[in-house]
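Input: a single structure, listed below in structure tokens.
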Amino acid sequence: MVSGAPAFAQSSANSSCTTSPAAVRNAADVCQKARDLFAFLVPQVGQAVAAGNPIPGDAGSLGGFGKRAISVRIVGVEAQLPRNNVPLSFTSDAVSASDFGAVRTAIPLPAVDLAFGVLPGVPLGLSNFGGVDILVGATVLPSVSKNSFSVKPKSGGIGWSYGARVGLLQESSLIPGVGVSWQRRMLPKSEFFYTPGNDTLSVTGTSVRADAIRLIVSKRLTFVGLSAGVGQDRINGKSNVSAVVNEQISGVPQRGTGSLTGLDESVKRSSAFVNASFSLLVFRVVGEFGWSKEGPERPTVNTFGSKKPNDGYRFGSLGLTAHF
């Protein structure tokens with residue numbers, strides 16, 4: 001058991017690190033690398049899950065019971081994944097700083113989102129105020145591989161979302177739609193693998209959720225629509241880590257294993273986005289572009305080229321939205 005090491009102070013107090021066999025006495029370096037990798041990846045994945053507009057190209061409320069909207073889209077974040085093969089070791093006497101580097105990699109997440117009208121709200125001039133919609137959806141995680149790093153989904157690769165939207169103004173011919181929403185969006189259960197050489201660092205049973213709060217304004221003009229919004233994303237990731245390291249101990253080839261439990265990362269980010277839509281029969285083709293603001297500083301022992309865990313990221317989506 002390794003405990004009380006200074007490098008552990010940046011992560012969950014409930015996490016612990018163990019190694020086997022007895023000859024492998026020092027897990028601090030491997031465990032710190034696992035912590036830093038997790039801290040670097042969680043904000044990126046969480047941003048892809050949160051996206052921007054819960055129903056692209058839309059705001060306000062649907063107008064009451066029986067009104068529905070559906071969106072099918074692919075969301076992507078301009079992610080940064082490790083570039084370099086950083087060796088893993090259980091035998092170093094102390095935590096060492098390594099540079100994982102970073103390479104730009106798009107992580108596409110197909111998503112389906114639905115809105116169901118519940119309350120129409122009350123008349124307010126040429127609009128309605130206080131309409132309520134229920135939001136539900138599903139996100140699919142594909143397998144992604146880049147250099148020594150890969151992401152693989154578990155249990156079907158589908159994550160669910162739910163929430164609600166309140167229309168401050170329902171869109172009409174003269175009035176723009178204005179709405180606020182809250183939605184909890186979850187990444188499908190997944191595994192991350194980092195495999196430098198003949199070593200393996202596995203981040204297993206990973207769960208990431210994003211609580212997305214949005215304020216959105218939209219207006220359609222004949223066939224073209226524009227919308228814009230701001231919000232806050234509260235992202236949380238939980239996971240466990242296992243490691244297999246092959247190295248020489250006193251001149252003898254040795255295979256060591258280690259585990260780190262209770263990884264827990266929480267970050268809070270502000271974001272903004274714009275949508276542009278074009279009506280095509282009953283569908284709207286909608287494109288979205290957004291960006292997240294840099295978050296609070298998150299120090300790490302290891303580095304990722306010029307990138308940091310608290311960096312902001314650009315994101316976008318392309319898809320179809322229909323009302324029925």
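For reference, positions follow the sequence shown, starting with 1.
What you find for Ile55 and Ala69 is that their closest heavy atoms are CG2-CB, 4.3 Å. When all heavy atoms of Phe283 and Leu320 are compared, the pair lying nearest together is CD2-CB, 4.3 Å. Across every non-hydrogen atom of Pro309 and Arg269, the tightest pair is O-NH2, 3.0 Å. Closest heavy-atom contact between Ala111 and Arg185: CB-NH2, 4.4 Å. Here the closest heavy-atom approach between residue Ile235 and residue Pro43 is recorded as CD1-O, 4.0 Å. Between Ala210 and Ala50, the shortest heavy-atom distance links the atoms CB-CB, 3.8 Å.
Between atom CD of residue Gln183 and atom CD1 of residue Ile213 there is a gap of 12.0 Å, rounded to the nearest 0.5 Å.
Exactly one residue among Lys268, Arg184, Arg234, Gln232 makes a side-chain hydrogen bond (donor to acceptor under 3.5 Å, both in side chains) with Asp211. That residue is Arg184. Exactly one of Asp58, Val224, Asn275 qualifies for a side chain to side chain contact (heavy atoms under 4.5 Å, CB included) with Arg284. That residue is Asp58.
Judged by distance alone, with hydrogens and angles left aside, the side-chain atoms of Arg165 form a donor-acceptor pair with the main-chain N or O of Gly60 at under 3.5 Å.
Using modelled atom types, one finds no donor on one side chain facing an acceptor on the other under 3.5 Å when comparing Asn310 with Glu297. Residues Ser98 and Lys33 bring a donor and an acceptor atom of their side chains to less than 3.5 Å of each other. A side-chain N or O of Ser266 and one of Asn236 form a donor-acceptor pair less than 3.5 Å apart. Ser218 and Ser227 share no side-chain donor-acceptor pair at under 3.5 Å. Checking Thr300 against Asp36 by side-chain atom types alone, no donor-acceptor pair falls below 3.5 Å.
A tilted orientation is assigned to the rings of Phe192 and Phe149, their planes being inclined by 30° to 60°. Ring geometry, Phe278 versus Phe223: the interplanar angle falls from 30° to 60°, so the pair is classed tilted.
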Test log, rule side chain to side chain donor-acceptor pair (under 3.5 Å), inputs Thr206 and Ser239: CA-CA 4 Å; Thr206 303; Ser239 192; 2.9 Å; yes

Go through the steps to decide whether Arg298 and Glu265 satisfy the test salt bridge (charged side-chain N to carboxylate O under 4.0 Å, His left out), and finish with yes or no. CA-CA 10 Å; Arg298 170 60 163 91; Glu265 286 287 334; 2.5 Å; yes

Could you go step by step and tell me if Asp133 and Lys67 meet the salt bridge (charged side-chain N to carboxylate O under 4.0 Å, His left out) rule? CA-CA 9 Å; Asp133 303 330; Lys67 304 289 187 178; over 6 Å; no

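Other residues, nucleotides and ligands contribute over 12 non-hydrogen atoms within 6.0 Å of the NZ atom of Lys219.
Cation-pi geometry between Lys152 and Phe193 is met: under 6.0 angstrom from the ring centre, within 45 degrees of the axis.
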